[in-house]
Amino acid sequence: VPVADLPLSTLTDDEAAVIAQIRPRIRRTDRDLKVLESYRDAEQRLRHIGIALPPELRMFETVINVPGMAVREPVGRQDLKAFERTSATTATTDTTLQEAWEANNLASQSILTHMDARTYGHTFVSVSENEDDPDNPLILNESPVGMGVLIDSRKRHITDGLKIFRDGTTTLATLMRPYATLDLELSGGGWSVRDRSDHKLGVVPLIMFVNQPWVRADEARRRYYPGRSEMVDVIGKIDAIARMITNMQVAGETLALPHR
């Protein structure tokens, strides 16, 4: 059935199949992404690294935020000067790209993209219609948490994207396809279409930013996307240091108590 002949609230069979394929990937990858986020924000707890402390000794828990430094310090030193497009004779500043950059306040928002890429190993940027400013597209950073995509590895581009999120108690989603972007809502009867924008671009309006792209995807290990977190090299060492310092503090407090 042609898409134009479908009711607004109905998914095509192909769209439903894409959602069914991507949604399990989101559930699997989100667990790992949220652990990485906790290390970046120094919110990991000792129970995550194999130590169980009784409540009265919780004050001695020690978290060292070296993983966060591995992400924030390089991002803080990044400074974009201008967009240049190389021609046959000279390199000139691309004013169109510069205008889109400034209209979307990407001098500030792009920091989120680079932070997420270094934290999770990959992240996304979406492009959509801007109702308030038709002359400039709406460019948004999209956290990889809750996001899943299908990738054509031969052509090296995204064929479909799905973002799932919650608004209070309601589960919503955005399905991005080469011909349309659909706003969805999950109810007892499954996914229904709240809005359908037939952009007919021929490409999915979603770009993946990859950190350390030489680390390839491996679906057999449930690593669906390329890239690697900058924190991977230090997480194991920080866990060991946290164990050592916590044990030292507990032992020191125990020995400081008078013996009867």
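Note that these values count all heavy atoms, side chains included, but never hydrogens, waters or copies made by symmetry.
Tracing side-chain contacts under 4.5 Å through hydrophobic residues (I, L, V, M, F, W, Y), one never reaches V232 starting from M115; they form parts of separate clusters. Taking hydrophobic clusters as Ile, Leu, Val, Met, Phe, Trp and Tyr residues chained together by side-chain heavy-atom distances below 4.5 Å, L150 shares a cluster with W191. Hydrophobic clustering keeps F165 apart from V193 (ILVMFWY residues linked when any side-chain heavy atoms are closer than 4.5 Å, directly or through intermediates). In the hydrophobic clustering of this structure, L186 groups with V18; members are Ile, Leu, Val, Met, Phe, Trp, Tyr whose side-chain heavy atoms approach within less than 4.5 Å, directly or through other members. M147 and I26 fall into different hydrophobic clusters, where Ile, Leu, Val, Met, Phe, Trp and Tyr side chains are chained together by heavy-atom contacts under 4.5 Å.
Under the 4.5 Å side-chain criterion, counting only non-hydrogen atoms from C-beta, M176 is not in contact with V127. Counting heavy atoms from C-beta on, the side chains of H199 and P205 come closer than 4.5 Å. Proximity of L182 to T174: side-chain heavy atoms (C-beta onward) are nowhere separated by under 4.5 Å. Contact annotation: the side chain of P226 never approaches that of W214 to less than 4.5 Å [non-hydrogen atoms, C-beta and beyond]. You'll find the side chain of L138 stays beyond 4.5 Å of the side chain of E129, heavy atoms only. Considering only heavy atoms from C-beta on, E37 comes within 4.5 Å of Y120 through its side chain. In this structure, the side chains of I139 and V125 come closer than 4.5 Å at one or more pairs of heavy atoms. Counting heavy atoms from C-beta outward, Y179 and V203 have side chains that stay 4.5 Å or more apart.
Summarising the geometry, atom OH belonging to Y224 is positioned 12.5 Å from atom CD1 belonging to I151; distances are rounded to the nearest 0.5 Å. Atom-to-atom distance recorded for H114:NE2 and Q109:CD is 12.0 Å, nearest 0.5 angstrom. To the nearest 0.5 angstrom, I238 atom CD1 is 9.5 Å from M69 atom CE. Between Y39 atom OH and I235 atom CD1 the span is 6.0 Å, to the nearest 0.5 Å. Note: E102 CD to T95 OG1 = 10.0 Å, rounded to the nearest 0.5 Å. Rounded to the nearest 0.5 angstrom, L184 CG and L162 CG are separated by 7.0 Å.
For CG of D13, the number of neighbouring non-hydrogen atoms (other residues, nucleotides, ligands) closer than 6.0 Å is 12 at most. Within 6.0 Å of CD1 in I207 there are 12 or fewer heavy atoms belonging to other residues, nucleotides or ligands. The local environment of CZ in R28 is crowded, with over 12 non-hydrogen atoms from other residues, nucleotides or ligands closer than 6.0 Å.
Ion pairing of R118 with E73 is absent here, as no side-chain N (NZ or NE/NH1/NH2) approaches a carboxylate O to less than 4.0 Å. For K163 and D183, the salt-bridge test fails: no basic side-chain N is under 4.0 Å from an acidic carboxylate O. By the 4.0 Å N-to-carboxylate-O rule, R40 lies close enough to D116 to be salt-bridged with it.
In this structure, H122 and Y225 have tilted ring planes: the angle between them lies in the 30° to 60° band.
When every heavy atom of A173 is checked against every heavy atom of I164, the shortest pair comes out as CB-CG1, 4.1 Å. Summarising the geometry of D198 relative to A180, their closest heavy-atom pair is OD1-CB, 3.4 Å, with the distance given to 0.1 Å. Contact between W101 and S110 at its shortest, heavy atoms only, is CH2-OG, 3.5 Å. Minimum heavy-atom separation, P24 to I19: CD-O, 4.5 Å.
Under the 3.5 Å distance criterion, the side-chain polar atoms of S229 are matched with a main-chain donor or acceptor of T119. Side-chain N or O atoms of S108 include none that pairs as donor or acceptor with a backbone N or O of N105 at under 3.5 Å. Looking at N104, its side chain never comes within 3.5 Å of a backbone N or O of L106 through a donor-acceptor pair. Side chain of T123 to backbone of E142: a donor-acceptor contact under 3.5 angstrom is found. At least one donor-acceptor pair closer than 3.5 Å links the side chain of R166 to the backbone N or O of T169.
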*Check step by step if side-chain hydrogen bond (donor to acceptor under 3.5 Å, both in side chains) holds for N136 and D133.*
CA-CA 6 Å; N136 289 293; D133 184 3; 2.9 Å; yes
*asked:* Apply side chain to side chain contact (heavy atoms under 4.5 Å, CB included) to residues L175 and E15 and explain how you reach the verdict.
replied: CA-CA 8 Å; L175 178 63; E15 291 164 351; 4.0 Å; yes
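Just one of I158, L140, T113 meets the side-chain contact (heavy atoms from CB on, under 4.5 Å) condition when paired with F124; it is I158.
Judged by distance alone, the side chains of S192 and E185 never bring a donor and an acceptor atom under 3.5 Å apart.
For A70, there are no side-chain contact (heavy atoms from CB on, under 4.5 Å) partners two or more places apart in sequence or in a different chain.
Pairs passing the side chain to side chain donor-acceptor pair (under 3.5 Å) check and including a residue from residues 151-160, sequence neighbours excluded, read D160-R177.
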